[in-house]
*Asks:* 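Sending over a structure as structure tokens; questions will come in a sec.
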There are 2 protein chains.
Amino acid sequence: MATMKEVAHYAGVSVATVSRVLNQPQSVKKKTQEQVLKAVQALNYTPNFLGKNLRQHQTKRILVVLNTISNQFYSRVVQGIEDKAREFDYNVLMMTTRNLQKNILEAITMIQTKIVDGAIFMTTLHAEEQISELNRNYPVVCACEPVEDTEISCVSIDNIQAAYDATRFLIERGKRRIALMGVNFDLKKTDQKIHQYGSAALREIGYKKALEEAHISVDTTLFFPKGLTYKDGASSVWDILKLKRLPDAIFAFSDAGAIGAIRALKVRGIRVPEDIFVVGFDNTAMSEVYQPSLTTIGQPQYMIGLTAMELLFERISGHVTKSIVLKHELVERDSTRLSV
Amino acid sequence: MATMKEVAHYAGVSVATVSRVLNQPQSVKKKTQEQVLKAVQALNYTPNFLGKNLRQHQTKRILVVLNTISNQFYSRVVQGIEDKAREFDYNVLMMTTRNLQKNILEAITMIQTKIVDGAIFMTTLHAEEQISELNRNYPVVCACEPVEDTEISCVSIDNIQAAYDATRFLIERGKRRIALMGVNFDLKKTDQKIHQYGSAALREIGYKKALEEAHISVDTTLFFPKGLTYKDGASSVWDILKLKRLPDAIFAFSDAGAIGAIRALKVRGIRVPEDIFVVGFDNTAMSEVYQPSLTTIGQPQYMIGLTAMELLFERISGHVTKSIVLKHELVERDSTRLSV
DNA sequence: GCCAATTTTGTAATCGATTACAATTAAAAT
DNA sequence: ATTTTAATTGTAATCGATTACAAAATTGGC
């Protein structure tokens with residue numbers, strides 16, 4: 001609660017000296033140091049970073065912008081970000097947007113108003129334009145979700161290839177009616193730039209590519225763009241059950257969605273994997289623990305976080321822009337494995 | 001990137017006028033307003049909040065401190081916090097501690113250095129002392145986890161009663177060897193103040209109370225204080241299987257732990273609920289979706305968040321301290337229900 | 001058209017730190 | 001002991017905003 005001025009007065013020195021003791025102690029005499037530190041103790045002084053940051057034009061803080069923290073997936077990405085940030089003595093703050101543009105703009109304001117030195121966006125949807133604009137003047141990195149603007153540093157897997165791999169995996173196992181469960185396909189109607197739809201649109205492309213390669217025609221009645229949660233997965237299954245012919249496989253763009261779907265199928269007596277194969281996305285902890293365990297596309301979450309933070313540092317110090325694609329992996333488990 | 005000074009110059013007015021246009025436009029002539037706004041546009045001006053906050057001694061931001069964002073449970077609490085915060089035009093930032101004291105101290109610094117106006121801690125373990133000290137000079141509220149210091153505002157359920165209810169529920173269904181899976185029991189050895197162990201210790205008390213009431217002796221070989229994750233639950237089961245006599249029920253302090261346990265039991269051919277009953281904690285989405293669905297203690301997460309934020313506002317504006325206990329509920333599902 | 005009352009604008013202090021530069025003090029060299 | 005050099009400290013400007021107070025401009029009443 002005390003200010004540096006009061007500390008200076010108490011210690012009988014100038015504020016400059018106090019500042020030096022706290023920031024470059026080697027430049028001040030041992031004895032004065034002690035006096036000052038004693039005063040700091042006595043007055044229970046803690047610096048006001050608003051003043052410090054204002055003067056120094058830097059905060060040593062960055063912001064991570066997420067849609068929701070209830071997605072297991074992000075936790076590990078954030079850990080990567082934090083570990084790398086710590087190396088450089090930076091603090092990591094987070095904000096959630098819950099898919100509302102309003103909240104993304106709020107996060108953007110946080111950067112423009114100099115509360116943080118930069119930001120990592122894991123949510124580009126609904127505000128690509130504004131993030132792009134932000135990126136012209138402030139350090140920005142996008143992670144997990146693709147962005148159209150090549151001026152923005154970005155880290156993610158190859159979503160097209162990943163979906164292609166998953167789809168092909170199912171096709172090779174004899175599946176031909178593969179339902180797709182994910183998000184935002186419908187945005188397509190308003191704009192043809194694919195990047196704007198995020199990873200889901202890319203995955204849809206990979207899916208189609210695999211089908212075409214196998215000469216299977218794309219059936220859009222098998223698309224269920226509800227969302228990524230358990231409930232979305234379950235709810236999509238209610239729709240699926242209305243189809244004349246059921247699909248023989250489901251490819252969900254999230255593990256939670258896949259699990260919600262399996263659960264709903266079970267309620268109707270449809271078995272996984274015997275009747276329908278199911279593949280998820282992200283390889284979250286639950287995909288291993290669920291019964292049946294879930295085949296899924298694993299993303300190198302920790303590495304994504306680490307890399308994103310690295311790119312952000314490069315951006316903060318030198319305005320270098322760079323995009324990196326990391327490797328995914330298909331993890332085969334029980335939801336696509338018929339027991340022998 | 002432009003400063004207010006530049007805007008003022010461009011518009012041909014003083015900085016005071018610019019500030020007024022932005023903050024109390026009614027006090028400035030229409031025509032000047034337009035000039036200024038035009039300048040703001042032209043120079044793409046955004047205020048620097050460091051300066052503003054410094055001058056005004058407030059930031060309109062608060063910090064939420066969590067152990068981890070990978071716990072489904074917190075997501076909904078945070079939503080409550082955010083919704084209430086928005087009502088008062090506050091922003092909510094988050095930091096994770098991953099159960100490391102070092103990180104809690106980092107969060108505390110964030111408040112002391114005036115980057116935020118106050119904080120909600122959902123993680124008191126490892127730093128009660130410091131949080132208590134912080135609370136003397138800055139607005140602090142604790143949520144979900146109990147705190148010893150009565151000067152700290154706190155919101156949570158009655159953990160003793162909740163655990164009592166769960167245990168009693170099992171006893172009433174004929175279970176007598178009830179294993180406990182949770183965290184931090186062992187801290188007990190170093191200090192006898194129960195509050196320091198957090199909610200887990202309270203739950204242990206409730207558990208014991210129910211047993212004693214039923215004249216069942218407490219068997220500490222049935223305590224498995226590994227942690228709250230899926231893996232912890234599964235790993236505890238490996239230990240359980242080493243027992244001479246298996247328990248007939250498991251009460252886990254988290255849904256994830258309970259599910260991890262069910263999964264591990266299944267691997268060894270032990271069925272839930274036929275062979276063992278399992279009860280979880282928190283009523284997260286997965287408890288409904290898992291197979292078998294999980295009986296669990298539900299906490300009013302959203303309400304906890306809402307209330308915590310309310311208490312923080314009271315603390316920010318008037319140094320009122322208040323603690324609130326909210327109601328829990330026992331949700332019965334398949335993991336404790338023998339099919340007829 | 002003049003004066004008082006009111007509205008609008010500007011000047012300068014302020015928030016709490018850092019830091020260039022100057023001034024002082026101590027140590028080293030002669 | 002005196003000068004030179006280096007180490008230590010202080011003075012004051014600065015970061016970018018807000019805001020009390022003073023000054024100027026406008027309005028209204030006569």
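Every chain is numbered from 1 and lettered A, B, ... according to where its sequence line falls, protein lines coming before strand lines. Being a predicted model, the structure only gives us computed values, none of them experimental. Keep in mind that the numbers below use all heavy atoms, side chains included, and drop hydrogens, waters and symmetry copies.
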*Asks:* Once you apply a heavy-atom cut-off of 4.0 Å, does B:N53 come out as touching a base, just sugar-phosphate, or nothing?
*Replies:* nothing
*Asks:* Start at the 5' end of DNA chain C and walk down; is the nucleotide closest to B:A16 or to B:R55 reached first?
*Replies:* B:A16
*Asks:* Can you check the B:Q26 CD to C:dT8 P distance for me, whole Å?
*Replies:* 10 Å
*Asks:* Give a yes/no on whether any side-chain N or O of A:T32 is located under 4.0 angstrom from OP1 or OP2 of D:dT9.
*Replies:* yes
*Asks:* Check the distance between C:dA13's C1' and A:K5's NZ and give it to me in whole angstrom.
*Replies:* 11 Å
*Asks:* I'd like to know if the side chain of B:N53 reaches the main chain of B:Q58, judged simply by a donor and an acceptor atom lying under 3.5 Å from each other, with no hydrogens or angles considered.
*Replies:* yes
*Asks:* Rounded to whole Å, how long is the line connecting atom CE of A:M4 with atom C1' of C:dC15?
*Replies:* 14 Å
*Asks:* B:Q24 has an atom CD; how far is it from atom P of D:dA20, in whole Å?
*Replies:* 9 Å
*Asks:* Quickly work out the A:L22 CG to C:dA17 C1' distance and round it to whole Å.
*Replies:* 11 Å
*Asks:* OP1 or OP2 of D:dT19 less than 4.0 angstrom from a side-chain nitrogen or oxygen of B:Q56, does that happen here?
*Replies:* yes
*Asks:* Which whole-number value in Å describes the distance from B:N48 CG to C:dG16 P?
*Replies:* 16 Å
*Asks:* Judged by atom type as modelled, is there a donor-acceptor pair below 3.5 Å linking the side chain of B:S317 to the main-chain atoms of B:F313?
*Replies:* yes
*Asks:* Decide, yes or no, whether a salt bridge links A:K84 with A:E87 under the criterion of side-chain N to carboxylate O below 4.0 Å.
*Replies:* yes
*Asks:* A:H57 has a side chain; which of D:dA17, D:dC15, D:dT18 sits nearest to it?
*Replies:* D:dC15
*Asks:* Picking from D:dG10, D:dG16, C:dT9, which would you name as closest to the side chain of B:L54?
*Replies:* D:dG16
*Asks:* Does a nitrogen or oxygen in the side chain of A:S19 sit under 4.0 Å from OP1 or OP2 of C:dT18?
*Replies:* yes
*Asks:* Whether B:T17 contacts C:dG10 is assessed here as follows: a side-chain N or O lying under 4.0 Å from the phosphate OP1 or OP2. Is that the case?
*Replies:* yes
*Asks:* Please check: side-chain N/O of A:R20 versus main-chain N/O of A:P25, any donor-acceptor pairing under 3.5 Å?
*Replies:* no
*Asks:* In whole Å, I'd like the distance from the NZ atom of A:K29 to the C1' atom of C:dA27.
*Replies:* 12 Å
*Asks:* Is a donor on one side and an acceptor on the other found under 3.5 Å between the side chain of B:N67 and the backbone of B:T97?
*Replies:* no
*Asks:* A:K52 side chain N/O closer than 4.0 Å to the phosphate oxygens (OP1, OP2) of C:dT18?
*Replies:* yes
*Asks:* Find the distance B:H9:NE2 to D:dG16:P and express it as a whole number of Å.
*Replies:* 16 Å
